[in-house]
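Side chains are part of it too, since the values below use all heavy atoms of this structure and drop only hydrogens, waters and symmetry mates. If you read the sequence from its start, that first residue is 1, and numbering goes on from there.
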Amino acid sequence: MKIAVLDGRGIAADDLSWRDLDALGSIEIHDRTAEEQVVDRAADAEIILTSKTPIRAAALEMLPKLRYIGVLGTGYNVIDVAAATERGVVVTNVPAYGTASVAQFAIALLLELCHHVGLHADAVRAGEWSRSADWSFWKTPQVELSGKTMGIVGFGRIGRETAAIAHALGMRVVAADEHPHNAPEWPYFRWLPLEELLAEADVVSLHSPLTPETTGLIDAKRLAVMKPGAWLINTSRGPLIVDADLAAALNGGKLAGAALDVLSLEPPPPGNPLVGARNCIVTPHMAWATKEARARLIDAAVRNVAAFLRGTPENMVS
(Lines give C-alpha, C1' and ligand atoms only; values in the text may rest on other atoms or scores of the structure.)
Protein backbone atom coordinates (compact mmCIF):
# COMPACT_ATOMS: atom_id res chain seq x y z
CA MET A 1 0.00 0.00 0.00
CA LYS A 2 1.45 3.35 -1.03
CA ILE A 3 1.35 6.19 1.50
CA ALA A 4 2.31 9.65 0.22
CA VAL A 5 3.27 12.35 2.73
CA LEU A 6 3.01 15.54 0.68
CA ASP A 7 4.60 18.10 2.99
CA GLY A 8 6.37 16.25 5.75
CA ARG A 9 9.22 18.67 6.24
CA GLY A 10 7.09 21.25 7.99
CA ILE A 11 6.04 18.70 10.62
CA ALA A 12 9.08 16.53 11.22
CA ALA A 13 11.73 19.19 10.47
CA ASP A 14 15.21 17.96 11.51
CA ASP A 15 14.33 16.60 14.93
CA LEU A 16 11.53 14.08 14.30
CA SER A 17 10.83 11.33 11.76
CA TRP A 18 8.06 9.42 10.00
CA ARG A 19 9.53 5.98 10.69
CA ASP A 20 6.43 4.76 12.56
CA LEU A 21 4.59 4.81 9.24
CA ASP A 22 6.97 2.16 7.88
CA ALA A 23 4.95 -0.69 9.32
CA LEU A 24 1.78 0.53 7.61
CA GLY A 25 2.81 0.71 3.97
CA SER A 26 5.26 1.83 1.33
CA ILE A 27 6.03 5.43 2.17
CA GLU A 28 7.06 8.35 -0.01
CA ILE A 29 7.84 11.51 1.93
CA HIS A 30 8.10 14.87 0.22
CA ASP A 31 9.39 17.96 1.99
CA ARG A 32 6.72 20.11 0.33
CA THR A 33 4.35 19.74 -2.61
CA ALA A 34 2.78 22.40 -4.81
CA GLU A 35 -0.88 21.95 -5.65
CA GLU A 36 -0.08 21.19 -9.29
CA GLN A 37 2.26 18.35 -8.19
CA VAL A 38 -0.34 16.47 -6.12
CA VAL A 39 -1.60 14.14 -8.84
CA ASP A 40 1.89 13.14 -9.93
CA ARG A 41 3.22 12.56 -6.42
CA ALA A 42 0.11 10.79 -5.16
CA ALA A 43 -0.35 8.59 -8.22
CA ASP A 44 -1.22 5.04 -7.13
CA ALA A 45 -1.41 6.16 -3.49
CA GLU A 46 -4.23 4.78 -1.38
CA ILE A 47 -3.34 7.06 1.53
CA ILE A 48 -2.28 10.71 1.48
CA LEU A 49 -1.08 12.75 4.45
CA THR A 50 -1.06 16.52 3.99
CA SER A 51 -0.62 19.57 6.15
CA LYS A 52 -1.06 22.62 3.91
CA THR A 53 -1.00 21.13 0.41
CA PRO A 54 -4.53 21.55 -1.00
CA ILE A 55 -6.39 18.55 -2.41
CA ARG A 56 -9.23 19.75 -4.60
CA ALA A 57 -11.97 18.00 -6.50
CA ALA A 58 -10.02 18.04 -9.78
CA ALA A 59 -7.11 16.20 -8.17
CA LEU A 60 -9.42 13.69 -6.51
CA GLU A 61 -10.88 12.77 -9.89
CA MET A 62 -7.40 11.84 -11.09
CA LEU A 63 -6.52 9.68 -8.07
CA PRO A 64 -8.76 6.61 -8.49
CA LYS A 65 -6.90 4.48 -5.94
CA LEU A 66 -7.14 7.03 -3.15
CA ARG A 67 -9.07 5.80 -0.11
CA TYR A 68 -7.91 8.05 2.72
CA ILE A 69 -6.66 11.60 3.34
CA GLY A 70 -5.10 12.36 6.71
CA VAL A 71 -4.86 16.06 7.51
CA LEU A 72 -1.79 16.81 9.62
CA GLY A 73 -3.51 19.35 11.81
CA THR A 74 -6.87 20.40 13.17
CA GLY A 75 -8.17 22.60 10.37
CA TYR A 76 -9.11 20.80 7.17
CA ASN A 77 -10.11 23.63 4.84
CA VAL A 78 -7.32 22.58 2.43
CA ILE A 79 -9.40 19.53 1.50
CA ASP A 80 -12.52 19.51 -0.66
CA VAL A 81 -14.30 17.36 1.89
CA ALA A 82 -17.56 17.21 -0.05
CA ALA A 83 -15.79 15.92 -3.15
CA ALA A 84 -13.84 13.39 -1.09
CA THR A 85 -17.00 12.13 0.58
CA GLU A 86 -18.72 11.79 -2.78
CA ARG A 87 -15.87 9.56 -3.95
CA GLY A 88 -15.88 7.50 -0.74
CA VAL A 89 -12.56 8.88 0.47
CA VAL A 90 -12.25 9.09 4.25
CA VAL A 91 -10.83 12.37 5.59
CA THR A 92 -9.46 12.65 9.13
CA ASN A 93 -7.75 15.34 11.14
CA VAL A 94 -5.71 15.57 14.36
CA PRO A 95 -7.48 17.58 17.06
CA ALA A 96 -5.95 18.77 20.32
CA TYR A 97 -2.27 17.98 19.65
CA GLY A 98 -1.16 21.60 20.12
CA THR A 99 -3.46 22.89 22.85
CA ALA A 100 -0.80 23.53 25.49
CA SER A 101 1.76 24.88 23.01
CA VAL A 102 -0.58 27.35 21.32
CA ALA A 103 -1.98 28.61 24.61
CA GLN A 104 1.55 29.06 25.92
CA PHE A 105 2.49 31.02 22.80
CA ALA A 106 -0.59 33.25 23.04
CA ILE A 107 0.50 34.23 26.53
CA ALA A 108 4.10 34.67 25.33
CA LEU A 109 2.83 37.17 22.77
CA LEU A 110 0.86 38.94 25.50
CA LEU A 111 3.91 39.14 27.75
CA GLU A 112 5.98 40.50 24.88
CA LEU A 113 3.42 43.28 24.48
CA CYS A 114 3.72 43.95 28.22
CA HIS A 115 7.50 44.01 28.45
CA HIS A 116 9.20 43.86 25.01
CA VAL A 117 11.86 41.62 26.52
CA GLY A 118 13.72 41.12 23.25
CA LEU A 119 13.98 44.86 22.63
CA HIS A 120 15.48 45.45 26.07
CA ALA A 121 17.87 42.50 25.85
CA ASP A 122 19.10 43.89 22.50
CA ALA A 123 19.56 47.31 24.12
CA VAL A 124 21.76 45.80 26.84
CA ARG A 125 23.76 43.88 24.23
CA ALA A 126 24.25 47.14 22.33
CA GLY A 127 25.77 48.76 25.43
CA GLU A 128 22.89 51.04 26.41
CA TRP A 129 22.83 49.83 30.02
CA SER A 130 26.57 50.22 30.36
CA ARG A 131 26.29 53.80 29.13
CA SER A 132 23.23 54.58 31.26
CA ALA A 133 23.46 57.14 34.07
CA ASP A 134 20.80 55.18 35.98
CA TRP A 135 20.77 51.68 37.42
CA SER A 136 17.53 50.83 35.58
CA PHE A 137 15.81 51.95 32.39
CA TRP A 138 13.03 50.87 30.07
CA LYS A 139 12.30 51.86 26.51
CA THR A 140 8.59 51.00 26.46
CA PRO A 141 5.79 51.24 29.04
CA GLN A 142 5.82 48.21 31.36
CA VAL A 143 2.39 46.73 31.99
CA GLU A 144 1.07 44.53 34.83
CA LEU A 145 -1.69 42.10 33.84
CA SER A 146 -3.16 41.33 37.24
CA GLY A 147 -6.63 42.84 37.55
CA LYS A 148 -7.03 43.46 33.83
CA THR A 149 -9.67 41.74 31.70
CA MET A 150 -8.85 39.03 29.19
CA GLY A 151 -11.49 38.45 26.52
CA ILE A 152 -11.39 35.01 24.89
CA VAL A 153 -13.20 34.72 21.56
CA GLY A 154 -13.85 31.01 20.98
CA PHE A 155 -13.83 28.97 24.18
CA GLY A 156 -12.71 25.59 22.90
CA ARG A 157 -9.68 23.65 24.09
CA ILE A 158 -7.07 26.27 23.26
CA GLY A 159 -9.25 29.18 24.33
CA ARG A 160 -9.89 27.55 27.71
CA GLU A 161 -6.20 26.74 28.22
CA THR A 162 -5.23 30.32 27.38
CA ALA A 163 -7.91 31.58 29.76
CA ALA A 164 -6.61 29.34 32.53
CA ILE A 165 -3.13 30.84 32.23
CA ALA A 166 -4.57 34.35 32.15
CA HIS A 167 -6.59 33.55 35.27
CA ALA A 168 -3.43 32.29 36.97
CA LEU A 169 -1.82 35.65 36.18
CA GLY A 170 -4.62 37.38 38.06
CA MET A 171 -6.66 38.47 35.07
CA ARG A 172 -10.45 38.56 34.98
CA VAL A 173 -11.67 36.34 32.14
CA VAL A 174 -14.70 36.90 29.94
CA ALA A 175 -15.53 34.74 26.95
CA ALA A 176 -17.66 34.73 23.81
CA ASP A 177 -18.57 31.44 22.18
CA GLU A 178 -21.24 30.30 19.76
CA HIS A 179 -22.19 27.47 22.12
CA PRO A 180 -21.30 28.51 25.69
CA HIS A 181 -21.09 25.59 28.13
CA ASN A 182 -19.19 24.35 31.18
CA ALA A 183 -18.23 27.75 32.53
CA PRO A 184 -15.08 27.59 34.68
CA GLU A 185 -15.61 28.26 38.37
CA TRP A 186 -13.40 31.34 38.54
CA PRO A 187 -14.28 34.59 40.29
CA TYR A 188 -15.56 37.19 37.84
CA PHE A 189 -15.82 34.79 34.86
CA ARG A 190 -18.69 35.72 32.54
CA TRP A 191 -20.04 34.80 29.14
CA LEU A 192 -20.56 37.89 26.98
CA PRO A 193 -21.82 38.63 23.47
CA LEU A 194 -18.91 39.43 21.17
CA GLU A 195 -19.53 43.18 20.98
CA GLU A 196 -19.75 43.49 24.77
CA LEU A 197 -16.56 41.47 25.18
CA LEU A 198 -14.72 43.70 22.70
CA ALA A 199 -15.86 46.81 24.54
CA GLU A 200 -14.84 45.53 27.98
CA ALA A 201 -11.62 43.57 27.48
CA ASP A 202 -8.13 44.99 27.93
CA VAL A 203 -6.80 42.04 25.91
CA VAL A 204 -8.74 40.15 23.23
CA SER A 205 -7.37 36.74 22.23
CA LEU A 206 -8.87 34.98 19.20
CA HIS A 207 -9.39 31.20 19.29
CA SER A 208 -12.30 30.72 16.89
CA PRO A 209 -12.32 28.20 14.05
CA LEU A 210 -12.35 29.62 10.53
CA THR A 211 -15.80 29.28 8.99
CA PRO A 212 -17.77 31.39 6.51
CA GLU A 213 -19.39 33.06 9.53
CA THR A 214 -16.09 33.91 11.27
CA THR A 215 -14.14 35.06 8.20
CA GLY A 216 -13.55 38.78 8.67
CA LEU A 217 -14.91 38.58 12.22
CA ILE A 218 -12.67 41.40 13.40
CA ASP A 219 -13.25 44.27 10.98
CA ALA A 220 -13.25 48.05 11.22
CA LYS A 221 -16.66 48.13 12.87
CA ARG A 222 -15.69 45.72 15.64
CA LEU A 223 -12.22 47.23 16.10
CA ALA A 224 -13.93 50.56 16.73
CA VAL A 225 -15.75 48.99 19.68
CA MET A 226 -12.49 48.04 21.43
CA LYS A 227 -10.82 50.20 24.05
CA PRO A 228 -8.13 52.52 22.61
CA GLY A 229 -5.65 50.97 25.04
CA ALA A 230 -6.56 47.37 24.25
CA TRP A 231 -4.40 44.67 22.68
CA LEU A 232 -5.46 42.06 20.13
CA ILE A 233 -3.84 38.61 19.90
CA ASN A 234 -4.43 36.03 17.18
CA THR A 235 -2.97 32.53 17.28
CA SER A 236 -5.96 30.95 15.55
CA ARG A 237 -6.60 31.70 11.86
CA GLY A 238 -5.45 34.77 9.96
CA PRO A 239 -8.66 35.42 7.99
CA LEU A 240 -10.55 36.04 11.24
CA ILE A 241 -9.10 39.55 10.93
CA VAL A 242 -9.44 42.02 8.06
CA ASP A 243 -5.76 42.93 7.67
CA ALA A 244 -6.24 46.43 6.29
CA ASP A 245 -8.76 47.33 8.98
CA LEU A 246 -6.48 46.26 11.81
CA ALA A 247 -3.48 48.02 10.26
CA ALA A 248 -5.51 51.22 10.01
CA ALA A 249 -6.62 50.95 13.65
CA LEU A 250 -3.03 50.42 14.80
CA ASN A 251 -1.48 53.13 12.64
CA GLY A 252 -4.22 55.56 13.66
CA GLY A 253 -3.71 54.93 17.37
CA LYS A 254 -7.22 53.50 17.78
CA LEU A 255 -5.75 50.32 19.24
CA ALA A 256 -2.70 50.06 21.49
CA GLY A 257 -1.14 47.02 19.85
CA ALA A 258 -1.52 43.58 18.33
CA ALA A 259 0.43 40.34 18.34
CA LEU A 260 -0.30 37.93 15.50
CA ASP A 261 1.05 34.46 14.76
CA VAL A 262 -1.21 34.06 11.73
CA LEU A 263 -2.08 36.21 8.72
CA SER A 264 -4.72 36.01 6.02
CA LEU A 265 -2.15 34.76 3.47
CA GLU A 266 0.89 32.74 4.52
CA PRO A 267 3.68 33.43 3.81
CA PRO A 268 2.54 37.05 3.56
CA PRO A 269 3.06 38.72 0.19
CA PRO A 270 5.16 41.90 0.04
CA GLY A 271 3.13 44.83 1.20
CA ASN A 272 0.97 43.07 3.76
CA PRO A 273 -0.17 46.06 5.85
CA LEU A 274 0.26 44.32 9.19
CA VAL A 275 3.92 43.36 8.80
CA GLY A 276 5.02 46.96 9.23
CA ALA A 277 2.07 48.31 11.18
CA ARG A 278 2.58 50.40 14.30
CA ASN A 279 2.86 48.42 17.55
CA CYS A 280 2.25 45.13 15.74
CA ILE A 281 4.22 41.96 16.48
CA VAL A 282 4.02 39.31 13.76
CA THR A 283 5.51 35.83 14.15
CA PRO A 284 5.64 33.16 11.40
CA HIS A 285 2.79 30.77 12.36
CA MET A 286 4.93 28.98 14.92
CA ALA A 287 2.70 28.67 17.99
CA TRP A 288 1.98 24.99 17.22
CA ALA A 289 5.59 24.06 16.46
CA THR A 290 7.11 22.88 19.73
CA LYS A 291 8.83 19.51 19.38
CA GLU A 292 6.39 18.05 21.89
CA ALA A 293 3.34 19.17 19.90
CA ARG A 294 4.78 18.01 16.58
CA ALA A 295 5.62 14.61 18.08
CA ARG A 296 2.02 14.28 19.29
CA LEU A 297 0.82 15.28 15.83
CA ILE A 298 2.88 12.60 14.07
CA ASP A 299 1.88 9.94 16.61
CA ALA A 300 -1.79 10.81 16.24
CA ALA A 301 -1.57 10.83 12.44
CA VAL A 302 -0.04 7.35 12.48
CA ARG A 303 -2.76 6.13 14.85
CA ASN A 304 -5.39 7.58 12.51
CA VAL A 305 -3.94 5.64 9.57
CA ALA A 306 -3.72 2.44 11.61
CA ALA A 307 -7.33 2.82 12.74
CA PHE A 308 -8.46 3.32 9.15
CA LEU A 309 -6.61 0.19 8.02
CA ARG A 310 -8.32 -1.77 10.82
CA GLY A 311 -11.66 -0.63 9.47
CA THR A 312 -12.43 1.60 12.46
CA PRO A 313 -11.45 5.12 11.35
CA GLU A 314 -11.08 7.77 14.04
CA ASN A 315 -11.22 11.59 13.95
CA MET A 316 -13.22 11.57 10.73
CA VAL A 317 -14.36 14.87 9.25
CA SER A 318 -16.17 13.19 6.34
Side-chain angles (χ1 to χ4, degrees), residues 11 51 71-76 93-115 117 143-192 194 197-198 200-211 214 217-218 230-238 240-241 258-262 281-301 303 315 317:
I11 308 296
S51 174
V71 180
L72 300 169
T74 303
Y76 46 88
N93 71 340
V94 180
Y97 72 93
T99 299
S101 292
V102 177
Q104 173 181 304
F105 198 87
I107 298 300
L109 290 176
L110 174 56
L111 293 174
E112 180 66 10
L113 288 169
C114 289
H115 301 294
V117 172
V143 178
E144 181 177 283
L145 292 171
S146 181
K148 290 184 169 54
T149 298
M150 168 68 95
I152 303 288
V153 180
F155 212 61
R157 295 184 186 92
I158 297 173
R160 285 176 183 266
E161 186 75 11
T162 304
I165 303 172
H167 172 68
L169 290 171
M171 301 187 76
R172 301 173 181 230
V173 176
V174 295
D177 193 89
E178 185 177 357
H179 304 289
H181 67 285
N182 296 335
E185 296 181 359
W186 302 332
Y188 310 112
F189 176 85
R190 287 175 294 142
W191 299 108
L192 289 178
L194 177 59
L197 180 148
L198 294 174
E200 183 170 327
D202 299 296
V203 182
V204 174
S205 190
L206 304 181
H207 300 281
S208 295
L210 182 63
T211 67
T214 62
L217 184 73
I218 305 299
W231 289 329
L232 177 66
I233 296 171
N234 190 10
T235 54
S236 183
R237 293 290 183 264
L240 296 175
I241 294 173
L260 315 169
D261 188 50
V262 289
I281 297 167
V282 180
T283 53
H285 203 145
M286 58 187 285
W288 66 280
T290 63
K291 183 177 181 180
E292 293 84 354
R294 288 182 293 110
R296 285 192 295 269
L297 174 54
I298 291 173
D299 289 346
R303 290 196 303 271
N315 298 313
V317 299

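Contact annotation: the side chain of Val71 never approaches that of Val94 to less than 4.5 Å [non-hydrogen atoms, C-beta and beyond]. Looking at heavy atoms from C-beta onward, Leu113 lies in side-chain contact with Ile281 at the 4.5 angstrom threshold. Taking the side chain as every heavy atom from C-beta outward, Thr235 and Val262 never approach each other to under 4.5 Å. The closest side-chain heavy-atom distance from Ile11 to Leu297 is below 4.5 Å. Looking only at side-chain heavy atoms (C-beta outward), Leu194 and Leu217 come within less than 4.5 Å of each other. Within the 4.5 Å cutoff, side-chain heavy atoms of Ser101 are placed close to those of Arg296. Pro184 has its side chain out of reach of His167: every pair of non-hydrogen atoms, C-beta onward, lies at least 4.5 Å apart. In this structure, Trp186 and Val173 have side chains that are in contact, with non-hydrogen atoms separated by less than 4.5 Å.
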Worksheet item: After noting the C-alpha distance and the side-chain angles of Leu169 and Ile107, does the key distance pass the side chain to side chain contact (heavy atoms under 4.5 Å, CB included) rule?
Response: CA-CA 10 Å; Leu169 290 171; Ile107 298 300; 4.1 Å; yes
Discussion item. For Lys148 and Val143: C-alpha separation, side-chain torsions, deciding distance, then whether side chain to side chain contact (heavy atoms under 4.5 Å, CB included) applies.
Written reply: CA-CA 10 Å; Lys148 290 184 169 54; Val143 178; 3.9 Å; yes
Practice prompt. Take Leu206 and Ser208 through the side chain to side chain contact (heavy atoms under 4.5 Å, CB included) test and state the conclusion after the steps.
Written response: CA-CA 6 Å; Leu206 304 181; Ser208 295; 5.9 Å; no
Worksheet item: Going through the checks in order, is the side chain to side chain contact (heavy atoms under 4.5 Å, CB included) test met by Leu110 and Leu145?
Response: CA-CA 9 Å; Leu110 174 56; Leu145 292 171; 3.7 Å; yes
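When all heavy atoms of Tyr97 and Ala293 are compared, the pair lying nearest together is CD1-O, 3.5 Å. When all heavy atoms of Ser236 and Asn234 are compared, the closest pair comes out as N-OD1, 3.0 Å. Shown here for Thr283 and Met286, the closest heavy-atom pair between the two residues is CB-SD, 4.1 Å. Closest approach of Ala176 to Leu197, counting heavy atoms only: N-CD1, 3.5 Å. Smallest separation of non-hydrogen atoms from Pro209 and Leu240: O-CD2, 3.8 Å.
For the atom pair Asp202 CG and Met150 CE, the distance stands at 10.0 Å (nearest 0.5 Å). Rounding to the nearest 0.5 Å gives a distance of 11.5 Å between CH2 of Trp231 and CG of Leu109. Atom CG of residue Asp261 and atom CD1 of residue Ile233 lie 11.0 Å apart, to the nearest 0.5 angstrom. Atom CG of Leu192 sits about 12.5 Å away from atom CG of Asp177, to the nearest 0.5 Å. One distance of note links CD of Gln104 with OG1 of Thr290; it measures 7.5 Å at 0.5 Å rounding.
Annotation: Arg157, atom CZ; neighbour count of heavy atoms from other residues, nucleotides and ligands within 6.0 Å does not exceed 12.
In this structure, Trp288 has its ring center no closer than 6.0 Å to that of Phe105.
With no hydrogens or angles considered, no side-chain donor-acceptor pair links Asn93 and Thr74 at under 3.5 Å. In the model, His207 has a side-chain atom that pairs as donor or acceptor with a side-chain atom of Ser205 under 3.5 Å.
Remark: Arg160 is not positioned above the aromatic ring of Phe155, lacking an NZ or CZ atom under 6.0 angstrom from the ring centre and at most 45 degrees off the axis.
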